[in-house]
Amino acid sequence: MNDLKVAITGGTSGLGLALVREFRRRGARVAFVARTASAVAEVARSQQAHGIVGDVARKEDIHPVALQISAALGGLDVLVNNASSLGPVPLALLADTECEDFAQALETNLLGPFRLTKALLGALAASARQGRGAVVLNVSSDAAINAYAQWGAYGASKAALRHMGAVWDEELRGEAVRFLCLDPGDMDTALHARAIPDADPATLKRPEVAARELADAVVHALATAHA
């Protein structure tokens with residue numbers, strides 16, 4: 001994986017940070033995106049990765065971010081759409097969810113990945129044509145499949161992300177660009193703590209374990225992209 005080129009959104013905390021560390025541990029070149037400049041600078045320094053300040057929920061940030069990813073890595077083999085928004089916190093019933101909060105979840109969890117993937121498809125397709133394979137990993141949740149009360153904004157956005165990835169996988173199968181949509185499980189992260197404050201961290205998966213599992217899935221998909 002020494003020459004693998006990986007981009008990760010939401011890369012300064014939780015699963016995103018664990019993914020940055022895991023892919024760097026495997027020798028990949030990594031560019032990551034997050035909103036807070038100071039956190040981006042710290043992770044970039046500690047992980048020897050390319051940090052990019054941007055918000056995938058903002059349409060105007062997408063093309064600058066995509067250009068910086070391509071320039072920093074000299075191409076792209078793997079895109080991990082990890083950045084996520086829970087929607088309103090504390091979690092609310094759909095009937096009590098403000099339209100603006102619902103829209104924010106869609107902007108971050110669905111439109112952001114759509115726009116960034118679209119902007120980077122050329123780089124991914126070029127990697128696939130070179131025989132390197134190309135993978136887009138959309139980080140999902142069991143809320144994309146199961147209906148949970150008070151998880152409406154998050155669940156609806158993740159369900160749409162899951163189906164969008166499946167359609168793209170079908171459309172680009174002939175180009176050897178693979179799309180994965182994987183649920184890492186309930187993890188001990190700040191996002192999970194905001195959603196369920198009284199959860200026992202001892203019962204939750206460690207982000208580094210989930211990152212290792214997801215990286216293994218990406219490597220397998222790259223190996224079979226041309227099969």
Side-chain angles (χ1 to χ4, degrees), residues 5-20 23 30-44 47 49-73 76-89 100-124 134-141 143-144 153-165 167-168 177 179-184 187 189-192 194-195 207 211 214 218:
K5 302 167 184 178
V6 181
I8 300 165
T9 65
T12 57
S13 63
L15 177 61
L17 176 57
L19 284 164
V20 171
F23 278 108
V30 174
F32 67 92
V33 184
R35 294 175 297 178
T36 306
S38 58
V40 168
E42 170 57 26
V43 173
Q47 301 304 314
H50 298 278
I52 298 167
V53 179
D55 183 352
V56 298
R58 289 169 51 88
K59 182 179 180 180
E60 55 268 36
D61 282 10
I62 294 298
H63 282 288
V65 164
L67 288 172
Q68 289 178 75
I69 288 171
S70 296
L73 299 179
L76 187 64
D77 304 316
V78 177
L79 171 62
V80 182
N81 288 311
N82 165 74
S84 294
S85 170
L86 284 169
V89 179
E100 293 78 8
D101 289 332
F102 196 93
Q104 179 62 34
L106 291 173
E107 288 282 354
T108 305
N109 301 344
L110 178 64
L111 290 175
F114 170 74
R115 290 170 177 148
L116 187 58
T117 302
K118 193 170 186 290
L120 290 167
L121 268 183
L124 290 161
V135 171
V136 177
L137 168 59
N138 293 325
V139 177
S140 188
S141 164
Y154 182 80
S157 62
K158 287 293 188 179
L161 177 68
R162 180 174 183 266
H163 192 71
M164 180 179 72
V167 171
W168 242 333
V177 180
F179 281 75
L180 304 178
C181 192
L182 301 176
D183 171 18
M187 295 174 291
T189 64
L191 185 141
H192 191 278
R194 288 197 299 273
L214 294 182
V218 166

Enquirer: Please evaluate residues Val6 and Val218 with respect to the criterion side chain to side chain contact (heavy atoms under 4.5 Å, CB included), reporting the C-alpha separation (whole Å), side-chain torsions for both, the decisive distance (0.1 Å), and the verdict.
Expert: CA-CA 10 Å; Val6 181; Val218 166; over 6 Å; no
Enquirer: Going by heavy atoms in the side chains, are Ile69 and Val33 under 4.5 Å from each other?
Expert: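 When only atoms from C-beta onward are counted, Val33 and Ile69 do touch, with a gap below 4.5 Å.
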Enquirer: Can you sort out the partners of Phe102 under ring-ring contact (aromatic ring centres under 6.0 Å, His included), two or more places apart, ordered by chain and number?
Expert: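 Residues passing ring-ring contact (aromatic ring centres under 6.0 Å, His included) with Phe102: none at all.
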Enquirer: How would you list, by chain and number, every residue that makes a salt bridge (charged side-chain N to carboxylate O under 4.0 Å, His left out) with Asp55, sequence neighbours excluded?
Expert: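 Scan of Asp55 (salt bridge (charged side-chain N to carboxylate O under 4.0 Å, His left out), adjacent residues dropped) gives none.
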Enquirer: Please report the closest heavy-atom contact between Val20 and Gly11, naming both atoms and the distance.
Expert: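 Nearest pair, atom of Val20 first, then Gly11: CG2-O, 3.7 Å.
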Enquirer: Is the backbone of Cys181 close enough, under 3.5 Å, to the side chain of Ser140 for a donor and an acceptor to pair up by distance?
Expert: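 Not at all, since once roles are kept as given, no pair shorter than 3.5 Å links the two residues.
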Enquirer: Just verifying a value: how many Å separate Glu60 CD and Ile62 CD1, rounded to the nearest 0.5 Å?
Expert: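 If we round to the nearest 0.5 Å, Glu60:CD and Ile62:CD1 are 9.0 Å apart.
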Enquirer: What heavy-atom pair brings Ala144 and Ala159 nearest, and what distance separates the two atoms?
Expert: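 So the two residues come closest at O-CB, 3.3 Å.
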Enquirer: Taking all heavy atoms of Ala57 and all of Arg115, pick out the closest pair and write down the distance.
Expert: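 Closest heavy-atom pair between Ala57 and Arg115: O-NH1, 4.2 Å.
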Enquirer: What distance do Asp77 atom CG and Lys5 atom NZ have between them, rounded to the nearest 0.5 Å?
Expert: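 Reported value, rounded in 0.5 Å steps: 6.0 Å.
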Enquirer: As a quick check of understanding, evaluate side chain to side chain contact (heavy atoms under 4.5 Å, CB included) for Val40 and Phe32, giving each step before the final call.
Expert: CA-CA 8 Å; Val40 168; Phe32 67 92; 4.0 Å; yes
Enquirer: Taking atom CG of Asp183 and atom CG of Asn138, what is their separation to the nearest 0.5 Å?
Expert: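 Reported value, rounded in 0.5 Å steps: 13.0 Å.
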Enquirer: Taking all non-hydrogen atoms of both residues into account, name the closest pair between Val78 and Leu76 and its distance.
Expert: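 That would be O-CD1, 3.3 Å.
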Enquirer: Residues two or more places apart in sequence or in another chain: which of them pass side chain to side chain donor-acceptor pair (under 3.5 Å) with Thr108?
Expert: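 Gln104.
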Enquirer: Could you go through Thr36 and Thr12, starting from their C-alpha distance and side-chain angles, then the distance that decides it, and tell me whether this counts as side chain to side chain contact (heavy atoms under 4.5 Å, CB included)?
Expert: CA-CA 9 Å; Thr36 306; Thr12 57; 5.9 Å; no
Enquirer: Which residues satisfy the salt bridge (charged side-chain N to carboxylate O under 4.0 Å, His left out) test with Arg162, sequence neighbours excluded?
Expert: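 Arg162 satisfies salt bridge (charged side-chain N to carboxylate O under 4.0 Å, His left out) with no other residue.
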Enquirer: For the pair Asn82 (side chain) and Ile8 (backbone), establish whether a donor and an acceptor sit closer than 3.5 Å, ignoring hydrogens and angles.
Expert: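 It does not hold such a pair.
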Enquirer: Any side-chain heavy-atom pair from Leu161 and Asn109 closer than 4.5 angstrom?
Expert: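 They are not in contact (no side-chain heavy atoms under 4.5 Å apart), so the answer is no.
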Enquirer: Supply the atom-to-atom distance Leu116 CG to Leu121 CG, rounded to the nearest 0.5 angstrom.
Expert: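 Those atoms lie 10.0 Å apart.
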Enquirer: Provide the closest heavy-atom pair for Ala31 versus Ile52 in the form atom of the first, atom of the second, distance.
Expert: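 Smallest interatomic distance, heavy atoms only, reads CB-CD1, 4.3 Å.
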Enquirer: Are any of the side-chain heavy atoms of Ser70 and Leu120 separated by less than 4.5 Å?
Expert: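 Ser70 reaches Leu120 side chain to side chain.
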Enquirer: Check the pair Leu180, Val135 against side chain to side chain contact (heavy atoms under 4.5 Å, CB included), reporting the backbone distance first and the verdict last.
Expert: CA-CA 7 Å; Leu180 304 178; Val135 171; 4.0 Å; yes
Enquirer: Would you call Pro207 and Leu17 a side-chain contact if the rule is heavy atoms closer than 4.5 Å?
Expert: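 Of all side-chain heavy-atom pairs linking Leu17 with Pro207, none is under 4.5 Å.
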Enquirer: Tell me every residue that passes side chain to side chain donor-acceptor pair (under 3.5 Å) with Thr117, counting only those two or more places apart in sequence or in another chain.
Expert: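 Counting only residues at least two positions away or on another chain, Thr117 forms a side chain to side chain donor-acceptor pair (under 3.5 Å) with Asn81.
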Enquirer: Under the side chain to side chain donor-acceptor pair (under 3.5 Å) test, which residues partner Glu100, sequence neighbours left out?
Expert: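 Side chain to side chain donor-acceptor pair (under 3.5 Å) check on Glu100 returns nothing, list empty.
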Enquirer: Apply the side chain to side chain contact (heavy atoms under 4.5 Å, CB included) test between Ser157 and each candidate in Leu86, Leu111, Leu106; give the one that qualifies.
Expert: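 The option that passes is Leu106.
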Enquirer: Nearest 0.5 angstrom please: Lys118 NZ to His63 NE2, how far?
Expert: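 Lys118 NZ to His63 NE2: 7.0 Å, rounded to 0.5 Å.
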Enquirer: For a 4.5 angstrom cut-off between non-hydrogen side-chain atoms, does Glu107 reach Ser85?
Expert: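 Glu107 does not reach Ser85 side chain to side chain.
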Enquirer: At what distance, to the nearest 0.5 angstrom, does CZ of Phe179 lie from CG of Leu79?
Expert: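 If we round to the nearest 0.5 Å, Phe179:CZ and Leu79:CG are 8.0 Å apart.
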